[in-house]
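Order of the sequence lines sets the chain letters (A, B, ...), proteins ahead of strands, with each chain counted from 1.
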Protein chains: 2
Amino acid sequence: MVGHKIRNMEEFSAICGVSRPTVSKYFNEPTSVRASTRQKIETALKKYDFRPNLYAVNQNRRITKNIGIVVPYVADPFFSEVARKLERCCIEAGFSPSTFSSHGSPDHEVEILEILRSMRPAGVLMAPIGRATHKKKLEAFCKEIPTVLVDSNLEGIGATFIGSNNFQSVPLMVEYLCRTGEPPCFFEMPPVNPNANKRRAAYTQAMEELGHTPHIIRVEGEDWEFEDIGYKGGLKLLGSGDLPSRTILCSNDRLAIGLMAAAYELEIKVGITPDCTLRIAGHDDHPFARYTCPSLTTISQDYDAITERSVDTLVDLIEHGRTKRDREATLYEGRLIMRSSA
Amino acid sequence: MVGHKIRNMEEFSAICGVSRPTVSKYFNEPTSVRASTRQKIETALKKYDFRPNLYAVNQNRRITKNIGIVVPYVADPFFSEVARKLERCCIEAGFSPSTFSSHGSPDHEVEILEILRSMRPAGVLMAPIGRATHKKKLEAFCKEIPTVLVDSNLEGIGATFIGSNNFQSVPLMVEYLCRTGEPPCFFEMPPVNPNANKRRAAYTQAMEELGHTPHIIRVEGEDWEFEDIGYKGGLKLLGSGDLPSRTILCSNDRLAIGLMAAAYELEIKVGITPDCTLRIAGHDDHPFARYTCPSLTTISQDYDAITERSVDTLVDLIEHGRTKRDREATLYEGRLIMRSSA
DNA sequence: ATTGTATTTTTACGCGCGTAAAATTATGCA
DNA sequence: TGCATAATTTTACGCGCGTAAAAATACAAT
């Protein structure tokens with residue numbers, strides 16, 4: 001790392017003693033140049049640390065090596081975890097990820113699509129906001145750039161979808177709750193995305209199959225402040241006295257966290273020990289679910305499988321064009337995580 | 001939005017009926033072209049939605065309009081919130097933010113610096129990992145690219161630093177806790193960054209000034225899994241019986257969340273009501289601090305002031321060169337948030 | 001109408017690199 | 001050693017745009 005700054009590849013190639021296009025080849029694929037040539041370049045590289053100009057590279061390549069990652073709300077630890085894993089997979093596959101958060105705003109989501117378009121990414125991994133997503137614009141975007149939808153499925157949009165099988169995970173939880181106590185009612189998040197509706201439907205179906213009457217509790221609220229929605233809805237529900245069941249299944253963990261805060265404030269003891277009068281279960285295995293009081297019984301989504309498969313599928317799409325199984329969603333099963341709350 | 005796709009600015013300018021450089025001027029500053037010319041361009045823009053090639057633009061501009069944002073751990077809601085606010089401020093200032101998370105890994109942090117270098121950003125907003133940060137490399141980076149440090153100060157590195165004044169916020173909490181009950185002991189996070197040490201020092205100083213003996217409890221753990229560290233350390237501490245005080249001040253909220261989970265498991269009731277035997281306080285006003293059981297008394301950092309000032313300072317640095325007040329840190333005061341835990 | 005000045009537009013060039021095609025060098029085999 | 005063929009390197013060109021300098025135009029004052 002000595003000597004003066006290298007201005008460009010021309011200058012660097014002169015130092016190496018090879019032609020510029022050869023250096024260019026090296027940076028695209030080091031093994032594509034002769035071993036002796038590679039040696040020269042790498043020796044010079046140790047001494048001068050040169051990196052090709054990112055913009056010049058991307059301007060001239062047919063397609064860039066960028067992958068866009070979009071999550072609906074990065075302040076939600078579930079999605080920050082998903083984003084982190086997606087990023088790592090992209091890097092391992094030799095791509096440069098750029099992560100964006102829609103911050104729960106459909107307008108901002110559209111802006112991100114515009115930014116992405118100007119980035120000309122090789123492909124995009126998209127966890128859409130859901131119901132409020134501007135579907136026309138997303139659809140147009142997906143026609144232009146290979147896009148894999150993650151977590152939240154929008155029928156017919158994107159090359160394919162990869163997520164969790166709510167119709168497996170929710171019944172798993174329902175069965176467990178029914179087996180170990182009073183059949184649950186369902187505390188439902190605002191239907192911001194298709195998962196909300198699928199989980200409700202899965203709950204209803206599972207309850208009926210077990211011969212129980214389903215009870216849905218719909219909470220008010222429009223945005224992504226699920227803890228707040230769960231908390232306020234919980235205060236109202238638990239305070240009213242007309243609770244259909246002493247077991248509550250929440251459609252996600254963040255809602256459950258809010259609900260538990262409400263129960264605590266109303267001095268209702270939550271858990272499975274004999275002194276408890278309420279059981280609460282969640283869905284997603286939120287990173288903090290382990291640290292709620294009591295710790296939250298929930299469903300763990302298969303983060304690793306989902307993220308790895310998403311990237312694999314997208315890379316396949318990028319490198320070999322249309323995937324064989326067009327728009328055939330891949331769904332992974334959830335695992336029951338038994339803790340103390342239910 | 002009709003007609004065929006526009007390939008480049010040349011083609012677009014032909015449609016507008018003006019020369020390409022004029023269109024270029026327009027995109028850099030719409031008001032810099034004659035009103036009648038602007039009209040022509042904007043009419044065409046409505047019809048054909050053309051956007052200049054991002055890479056060609058950035059290759060040729062003296063400096064780009066990009067701002068890099070680096071946070072140590074985006075899965076930490078505190079930082080995802082900071083990142084979100086920083087992003088918004090950058091956009092408002094007319095720049096394009098790119099956000100990266102070091103994921104708690106110093107090596108990854110260095111990789112991000114490399115990526116940033118190749119992005120040639122106009123400036124960088126950096127919340128470093130802290131103690132483990134590769135300081136030599138960061139220092140070299142800051143010499144090359146205008147960089148403002150945020151949240152965690154590394155003496156002498158970067159153009160300036162903007163964060164919270166721990167020597168105001170911690171004494172504020174200590175004073176409150178002493179006034180309303182038993183003087184607190186200090187449950188300390190692993191010293192991953194300078195804030196950890198400053199908060200400890202501020203605690204000791206405040207206790208001594210009030211005539212109390214400080215008690216530091218150092219918890220084991222190296223990484224950013226603060227909840228886990230707080231939980232495990234809490235189980236050990238609370239189980240041992242030799243607690244120096246029934247009031248515990250944690251050096252951050254995530255640690256407090258873990259500690260509260262441990263207390264709950266050991267059936268120790270936390271809070272300020274008469275039936276409680278332990279008080280716990282945090283620091284940062286973590287987005288979920290409102291929803292712990294009981295809700296967490298803590299210090300709220302002035303997110304808005306910190307993020308706005310950071311971006312203002314950086315933009316000033318970018319546009320007018322060296323700032324007047326070189327390396328003079330700007331510290332904002334914290335607010336006491338009284339809830340139920342202490 | 002004429003001239004001078006300020007503003008806007010156009011001409012002309014180069015940024016740093018990818019890449020096809022041409023030229024060169026290395027390798028295998030008789 | 002000589003020749004065919006494969007592998008590698010070099011030549012030559014263009015990508016889409018920013019920008020300085022030159023040319024053209026608008027505008028104001030005589």
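The listed nucleotides are dT19(C), dG16(D), dC13(C); the one nearest the side chain of Arg20(B) is dC13(C). Distance from the side chain of Ala56(A) is smallest to dG16(C) among dG16(C), dT10(C), dC17(D). Picking from dT10(C), dT19(C), dT19(D) the nucleotide with the shortest atom distance to the side chain of Asn28(A) gives dT19(C). Relative to the side chain of Phe50(B), the nucleotides dG18(D), dC17(D), dT9(D) differ in distance, and dC17(D) lies closest. With dT9(C), dG18(C), dT10(D) as the choices, the nucleotide that has an atom nearest any side-chain atom of Val57(A) turns out to be dG18(C).
Here dG18(C) presents its P atom at 11 Å from CG of Leu54(A), a figure rounded to the nearest Å. dG14(D) atom P lies 14 Å from atom CG of Asn8(B), rounded to whole Å. Rounded to whole Å, atom P of dC15(C) lies 9 Å from atom CZ of Arg7(A). Atom CZ of Phe27(A) is separated from atom P of dG18(C) by 9 Å (rounded to the nearest Å). Put simply, CD1 on Ile63(B) is 19 Å from P on dC15(C), counting in whole angstrom units. Arg34(B) has its CZ atom 15 Å from the P atom of dA24(D), to the nearest Å. Tyr26(A) has its OH atom 21 Å from the P atom of dA7(D), to the nearest Å. Rounded to whole Å, atom P of dC15(C) lies 10 Å from atom CD of Glu10(A).
In this structure, Asp302(A) does not pair ionically with Arg309(A), as no charged nitrogen and carboxylate oxygen lie closer than 4.0 Å. Note on Glu114(B) versus Lys137(B): no salt bridge recorded, every NZ/NE/NH1/NH2 to OD/OE distance being 4.0 Å or above.
Residues Lys25(B) and Asn53(A) each lie close to DNA chain C; by heavy-atom proximity, the contact nearer the 5' end of the strand is made by Lys25(B). Residue order along DNA chain D, read from the 5' end via each residue's closest nucleotide, puts Gly17(A) first among Arg51(B) and Gly17(A).
Sparse packing is recorded around CZ of Arg120(B), with 12 or fewer heavy atoms of other residues, nucleotides or ligands lying under 6.0 Å away.
Taking the six-membered ring where tryptophan is involved, the planes of His103(A) and His108(A) are essentially parallel, since the angle between them stays under 30° and well short of 60°.
One donor-acceptor pair, N or O on each side, does fall under 3.5 Å between the base of dG14(D) and the side chain of Asn60(A).
Val74(B) and Ser80(B) make their closest contact through O-CB, 3.4 Å (heavy atoms, listed as atom of the first residue, atom of the second, distance).
In summary, the aromatic rings of Tyr73(B) and Phe78(B) are positioned with their centroids too far apart to meet the 6.0 Å limit.
At the heavy-atom level, Pro52(A) lies under 4.0 Å from the strands shown only through sugar-phosphate atoms. Here Phe12(A) lies out of heavy-atom contact (under 4.0 Å) with every strand.
The side chain of Ser19(A) contributes no N or O atom lying less than 4.0 Å from OP1 or OP2 of dT9(D). Taking side-chain N and O atoms only, Ser32(B) has no distance below 4.0 Å to OP1 or OP2 of dT8(C). Phosphate proximity of dG18(C) to Ser24(A): present, with a side-chain N or O under 4.0 Å from OP1 or OP2.
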